[in-house]
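Right, one structure below, let's go through it.
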Amino acid sequence: MAHYVVIGAGQAGSALVAKLRSSGFDGQVTLIGEEAVPPYQRPPLSKKYLLGEMELERLFLRPEAYYGDNDITLKLSSSAAKIDAAAKTVTIGDEVIAYDKLALTTGSVPRRLPAAIGGDLDGVYVVRGLTDVDAMAPEFTDGRRVLIIGGGYIGLEAAAVAAKLGLKVTLVEMADRILQRVAAPETSDYFRDLHQSNGVDIREGVGLKSLTGEGRVSGAELSDGTTLDIDFAIVGVGIMPADALAAEAGLTIDNGIAVNEFGQTSDPDIYAAGDCASFPGPSGQMRLESVQNAIDQAENAAENMMGAEKPYRPEPWFWSDQYDTHLQIAGLNTGYDRIVTRQDGAALSHWYYKGDTFLAVDAINDPRAYMVGKRLLSMGKTPDPAAVADASTDLKLLMKA
């Protein structure tokens, strides 16, 4: 009986083993995870879970009983120490597990501040896993002072939670503007105004020089020479693919674990999917750090492990919740040279174009724009910019043009 082993029990790992079973694979399936709990959603960690609005069990992607009911061996609190690609085995502690095919869904790891600038002080947190958020949750008390380093979505979401709970929030972003790497200036402007209206002190073009304190963080020195007294700090400066295990096994690494269009690594019996994996894109190997990619790429890999030979063609989407604002993004805006703005009351959307080609849409409290934009992208259609900008245009008609 064939044995398929999956290392990494996050969104991608859970999706992959579920797809194997739903697609009729009747061999052995083993899912290995480092954490003590079953696979869970990460996006709510920095939002509803941190606010105390979502219980732990609601984070679980599937009830723990699902795995046993579907004959999936779930190994929690287990860290794979070695892959022997020649022998086709995985080592966990003293246990050696043989596989016929292996999938790596090891995800990503947060970038941390160097110890030389105070990154290892108590009271300095990252937002990645359940243990990270559980550790920082007691810090979120009315009136306390938090410094957030990084103006991407993770940093902004943490700032929104802190502000809602009555903390004094300072956020620093080294780039010229928040969300500079992922969004147009128009979207950055909206969220800057939103946070400032909720009392967040946003400082753009300002980096962190060092965190200070004796054992525990108590202050910060910024790149512009100013100093802050703080009670704790949150670091949101990006993530890196968790590809060390793959590299040690001799697999090709290129912006993560390099896979082909079928999800295969440089070893045809080893697949990879999710944050850890890079796949062929228009300009070389690319990674997508999103729930959409984790699910879709993992399900595609599962089918290909069973012989489907189905190329992966991503249809990216993302979202972020900050205060009562819901941002939904469809597509990838890389290379855009024009923004078309559509405002219809409280609904706002920014549409990205490159020449005559529609690339992506940022929809802010505008689910209709998001759904239509997402559909247009999947159809390969480019809507007329003038029609998009006209609030009287019925967006659904754009799909028929």
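FYI, side chains are in, hydrogens and waters are out, and symmetry mates aren't considered; it's all heavy atoms of this structure.
Screening Val6, Ile83, Val259 for a side chain to side chain contact (heavy atoms under 4.5 Å, CB included) with Leu104, the sole residue that qualifies is Ile83. Screening Lys48, Gln328, His326 for a side-chain hydrogen bond (donor to acceptor under 3.5 Å, both in side chains) involving Asp321 leaves a single residue, His326.
No side-chain donor-acceptor contact under 3.5 Å links Tyr190 to the backbone of Ile364. Between the side chain of Thr91 and the backbone N or O of Val96, no donor-acceptor pair lies under 3.5 Å. Put simply, the side chain of His3 gets close to the backbone of Ala98: a donor and an acceptor are under 3.5 Å apart. Listed for the Asn260 side chain is a donor-acceptor partner under 3.5 Å among the backbone atoms of Gly263. Of the possible polar contacts, one joining the Thr212 side chain to the Gly219 backbone as a donor-acceptor pair under 3.5 Å is found. With hydrogens and angles disregarded, no donor-acceptor distance shorter than 3.5 Å links the side chain of Arg375 to the backbone of Lys396. At least one donor-acceptor pair closer than 3.5 Å links the side chain of Asp384 to the backbone N or O of Ala387. Looking at Asn300, its side chain does come within 3.5 Å of a backbone N or O of Lys310 through a donor-acceptor pair.
The 12-atom threshold is not exceeded at CE of Met174, counting heavy atoms of other residues, nucleotides or ligands nearer than 6.0 Å. Heavy-atom contacts from other residues, nucleotides or ligands closer than 6.0 Å to CD of Glu214 number 12 or fewer. More than 12 heavy atoms of other residues, nucleotides or ligands shown are found within 6.0 angstrom of NZ on Lys101. Remark: Glu64 CD is loosely packed, at most 12 non-hydrogen atoms of other residues, nucleotides or ligands lying under 6.0 Å away. Other residues, nucleotides and ligands contribute at most 12 non-hydrogen atoms within 6.0 Å of the CZ atom of Arg368. Around the CG atom of Asp356, the shell of radius 6.0 Å holds no more than 12 heavy atoms that belong to other residues, nucleotides or ligands. In Arg181, the CZ atom is not crowded: 12 or fewer heavy atoms of neighbouring residues, nucleotides or ligands sit closer than 6.0 Å. Within 6.0 Å of the NZ atom in Lys209, the count of heavy atoms belonging to other residues, nucleotides or ligands does not exceed 12.
Under the 6.0 Å cut-off for aromatic ring centres, Phe140 and Phe232 qualify, their centroids lying closer than that. Ring centroid separation for the pair Tyr40 and Phe60 does not come in under the 6.0 Å cut-off.
Asn293 has its side chain out of reach of Arg287: every pair of non-hydrogen atoms, C-beta onward, lies at least 4.5 Å apart. Between Met286 and Leu332 there is a side-chain heavy-atom pair separated by less than 4.5 Å. Between Tyr353 and Val388, some side-chain heavy-atom pair lies under the 4.5 Å cut-off. Side-chain contact between His195 and Tyr323: present, with at least one pair of heavy atoms (C-beta onward) separated by less than 4.5 Å. Looking at heavy atoms from C-beta onward, Thr131 lies out of side-chain contact with Asp134 at the 4.5 angstrom threshold. Side-chain contact check for Asp362 versus Glu186: every heavy-atom pair is 4.5 Å or farther apart. The closest side-chain heavy-atom distance from Leu208 to Leu222 is below 4.5 Å. In this structure the side chain of Thr170 reaches within 4.5 angstrom of the side chain of Arg203, judged on heavy atoms.
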Under the salt bridge (Lys or Arg N to Asp or Glu O under 4.0 Å) rule, what do Arg42 and Glu35 come out as? Steps first, then yes or no, please. CA-CA 13 Å; Arg42 292 188 188 274; Glu35 297 185 74; 3.3 Å; yes
Determine, step by step, whether Leu45 and Leu59 satisfy the side-chain contact (heavy atoms from CB on, under 4.5 Å) criterion, reporting the C-alpha distance in whole Å, the side-chain angles of both residues, the deciding distance to 0.1 Å, and the verdict. CA-CA 8 Å; Leu45 287 176; Leu59 288 176; 3.8 Å; yes
Might you work through the side-chain contact (heavy atoms from CB on, under 4.5 Å) test for Asp132 and Tyr125, ending with a clear yes or no? CA-CA 7 Å; Asp132 296 321; Tyr125 303 95; over 6 Å; no
Apply side-chain contact (heavy atoms from CB on, under 4.5 Å) to Gln180 and Glu204, showing your working. CA-CA 10 Å; Gln180 181 165 300; Glu204 295 164 306; over 6 Å; no
Arg111 vs Val235, side-chain contact (heavy atoms from CB on, under 4.5 Å): CA-CA, chis, key distance, verdict: CA-CA 8 Å; Arg111 296 182 184 275; Val235 181; over 6 Å; no
Given Asp337 and Lys354, is the salt bridge (Lys or Arg N to Asp or Glu O under 4.0 Å) satisfied, shown in steps? CA-CA 5 Å; Asp337 55 25; Lys354 181 178 182 180; over 6 Å; no
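Of all heavy-atom pairs spanning Leu76 and Ala36, the tightest one is CD1-O, 3.5 Å. In plain terms, the two heavy atoms of Glu139 and Asp231 that are nearest each other are OE1-O, 4.4 Å. Across all their heavy atoms, Val124 and Gly118 have their closest contact at CG2-O, 3.9 Å. Pairing each heavy atom of Ser79 with each of Glu34, the nearest pair is OG-OE2, 3.3 Å. Nearest heavy atom pair, residue Ile234 against residue Ala158, reads CD1-CB, 4.1 Å. The shortest heavy-atom contact between Gly8 and Thr105 is O-OG1, 2.7 Å.
Side-chain contact annotation: Asp275 with Ser108, donor-acceptor N/O pair under 3.5 Å present. Of the N and O atoms on the side chains of Gln343 and Thr341, not one donor lies less than 3.5 Å from an acceptor on the other residue. In the model, Ser320 has a side-chain atom that pairs as donor or acceptor with a side-chain atom of Glu157 under 3.5 Å. Using modelled atom types and a 3.5 Å distance limit, the side chains of Ser14 and Tyr67 yield a donor-acceptor pair.
Using the six-membered ring where Trp is involved, Tyr312 and Phe279 have ring planes that are perpendicular, over 60° apart on the 30 and 60° scheme.
Summarising the geometry, atom CG belonging to Asn70 is positioned 9.0 Å from atom CZ belonging to Arg62; distances are rounded to the nearest 0.5 Å.
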